[in-house]
Amino acid sequence: MIILPAIDIRGGKCVRLTQGNFADETVFFDDPVEAALNWQEEGAKFLHVVDLDGAREGAPMNIFVIKNIIEAVDIPVEVGGGIRTLDDIYDLIGMGVRRVILGSVAAEDPELVREAVEEFGSDAVVVGIDSKDGFVAIHGWEESSKIKTVDLVNVIGDCGVSTIICTDISRDGTLEGVNVRFFAEMAAKSGLSVIASGGVSNLDDIRYLKDLEIDGVSGIILGKAIYTGAIDLKEALKIAEAGDAD
């Protein structure tokens, strides 16, 4: 199981939001590159970078910051936020992004997901499914669609992707604990590799999700918990990378 430290970028800074609320923001690093180097030094093997401004505006907005991160670290980086076209994907992969995350566009235009997978491969394209009250949230989580989360999972499964990132928005940034049932359901219904995001608050949450590895939960995104010190990244990595869940 892989642990992916999250680096959320807004206004060129590394921030954390609570439940995706842009009015509830905490700045942790003025320079996101510093955050990236810090997590790499702590042992991270993959980084999860989100362009929050891009997600809100519908087009990548922090390209130069993302480029600086990629040039600074030696580990792979996945990027999401505002990626809506094949040209966006070309630009990011050309820049050195290992995986692009398609979010809102996956809900609004699944055919583009299919085209992206055909063009770039399933290793380079993942889909982010952000769920709130059973429905998919889009456009930086500021809008709720009429698409049920489980229905989108079924649609995406037919588009050729191999990995989905599932976020429980109700828990994201709250440190209230992980919704194990939600991630187990997403893995069971999709039959895909699931990366869990939202609510992870302590090492026990890592252990709970590690127990779901056999069911298809292959990764965990850590955000506020590692920034506040609630979780020590090195300890989380030991649990996630252990041969079993003990």
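In this text the structure is predicted, and so the values were computed from the model without any measurement.
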Show the numbers, then the answer: is there a side-chain contact (heavy atoms from CB on, under 4.5 Å) between Ile7 and Phe29? CA-CA 10 Å; Ile7 300 175; Phe29 288 90; over 6 Å; no
Test Lys67 against Glu71 for salt bridge (Lys or Arg N to Asp or Glu O under 4.0 Å), laying out the working first. CA-CA 6 Å; Lys67 186 173 187 291; Glu71 292 177 348; 2.5 Å; yes
Check step by step if side-chain contact (heavy atoms from CB on, under 4.5 Å) holds for Lys148 and Leu152. CA-CA 6 Å; Lys148 291 184 178 180; Leu152 181 58; over 6 Å; no
Steps toward side-chain contact (heavy atoms from CB on, under 4.5 Å) verdict (Asn154, Asp158): CA-CA 7 Å; Asn154 292 331; Asp158 294 329; 5.9 Å; no
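For the pair Lys234 (side chain) and Glu42 (backbone), a donor-acceptor distance under 3.5 Å is absent. Within the 3.5 Å criterion, the main-chain N or O of Ile93 finds no donor-acceptor partner in the side chain of Arg99. Between the side chain of Asp51 and the backbone N or O of Asn62 there is at least one donor-acceptor pair closer than 3.5 Å. Asp30 places no side-chain N or O within 3.5 Å of a backbone atom of Lys13 that could act as its donor or acceptor partner. Side chain of Tyr227 to main chain of Val15: no donor-acceptor pair is present (N/O by atom type, distance under 3.5 Å, no hydrogens or angles). When atom types are taken as modelled, the side chain of Asn38 and the backbone of Glu34 share no donor-acceptor pair closer than 3.5 angstrom. The backbone N or O of Asp88 lies less than 3.5 Å from no partner atom in the side chain of Asp91, so there is not a single donor-acceptor pair. With hydrogens and angles disregarded, a donor-acceptor distance shorter than 3.5 Å links the side chain of Gln40 to the backbone of Asp74.
Interatomic distance, CD1 of Ile165 versus CG of Leu192, reported as 12.5 Å (0.5 Å rounding). Remark: Ile239 CD1 to Ile220 CD1 distance equals 9.0 Å, nearest 0.5 Å. Considering OG of Ser104 and CG of Asp109, their distance stands at 12.0 Å, rounded to 0.5 Å. From Lys132, atom NZ reaches atom CG of Asp130 across 11.5 Å, with rounding to the nearest 0.5 Å. Considering CD1 of Ile156 and CD1 of Ile164, their distance stands at 8.5 Å, rounded to 0.5 Å. Between atom CD1 of residue Ile129 and atom CD1 of residue Ile147 there is a gap of 10.0 Å, rounded to the nearest 0.5 Å.
Remark: of the listed residues Asp168, Asn179, Thr149, Thr149 is the sole one forming a side chain to side chain contact (heavy atoms under 4.5 Å, CB included) with Ser131. Between Asp8 and the options Lys224, Arg16, Arg56, a salt bridge (charged side-chain N to carboxylate O under 4.0 Å, His left out) holds for only Arg16.
Pairs engaging residues 184-194 under the salt bridge (charged side-chain N to carboxylate O under 4.0 Å, His left out) rule: none recorded [sequence neighbours left out].
For Glu241 and Lys45, the salt-bridge test passes: some basic side-chain N is under 4.0 Å from an acidic carboxylate O.
Pairing each heavy atom of Val125 with each of Ala116, the nearest pair is CG2-O, 3.8 Å. Shortest non-hydrogen contact noted between Gly82 and Pro60 is O-CD, 3.2 Å. Smallest separation of non-hydrogen atoms from Ser190 and Val153: CB-CG1, 3.3 Å. The minimum heavy-atom distance between Ile69 and Pro32, with the atom names listed, is CD1-CB, 4.0 Å. Among all heavy-atom pairs drawn from Cys159 and Val155, the shortest one is SG-O, 3.6 Å. Taking every heavy atom of both residues into account, Leu47 and Ala36 meet most closely at CD1-CB, 3.8 Å.
Note on Met1: it clusters hydrophobically with Val200, by side-chain heavy-atom contacts below 4.5 Å among ILVMFWY residues. Neither Ile195 nor Val117 shares a network with the other; the hydrophobic side chains, linked directly or stepwise wherever heavy atoms of I, L, V, M, F, W or Y lie under 4.5 Å apart, form separate groups for each. Hydrophobic clustering keeps Val97 apart from Ile221 (ILVMFWY residues linked when any side-chain heavy atoms are closer than 4.5 Å, directly or through intermediates). No single ILVMFWY cluster, assembled from side-chain heavy atoms under 4.5 Å apart, contains both Val49 and Ile101. Phe183 and Leu222 fall within the same hydrophobic cluster, where Ile, Leu, Val, Met, Phe, Trp and Tyr residues are linked whenever their side-chain heavy atoms come under 4.5 Å apart, directly or through other members.
The side-chain contact (heavy atoms from CB on, under 4.5 Å) search around Thr26 returns Phe28, not counting sequence neighbours.
Atom CD of Glu41 sits in a sparse spot, with 12 or fewer heavy atoms from other residues, nucleotides or ligands closer than 6.0 Å.
Separation of the Trp39 and Phe46 ring centroids does not fall under the 6.0 Å cut-off.
Counting only heavy atoms from C-beta outward, the side chains of Glu119 and Glu115 never approach each other to under 4.5 Å. Annotation: side chain of Ile9 is not in contact with side chain of Leu52 (no heavy-atom distance under 4.5 Å). Contact check for Val161 versus Ser122: no side-chain heavy atoms found under the 4.5 Å cut-off. Counting heavy atoms from C-beta outward, Val150 and Met186 have side chains that approach closer than 4.5 Å. Counting heavy atoms from C-beta outward, Leu4 and Glu78 have side chains that approach closer than 4.5 Å. Leu233 is listed as a side-chain neighbour of Ile3, based on a closest heavy-atom distance under 4.5 Å. Between Ile89 and Leu102, some side-chain heavy-atom pair lies under the 4.5 Å cut-off. Two residues are said to be in side-chain contact when any heavy atoms from C-beta on lie closer than 4.5 Å; Ile66 and Met95 meet this criterion.
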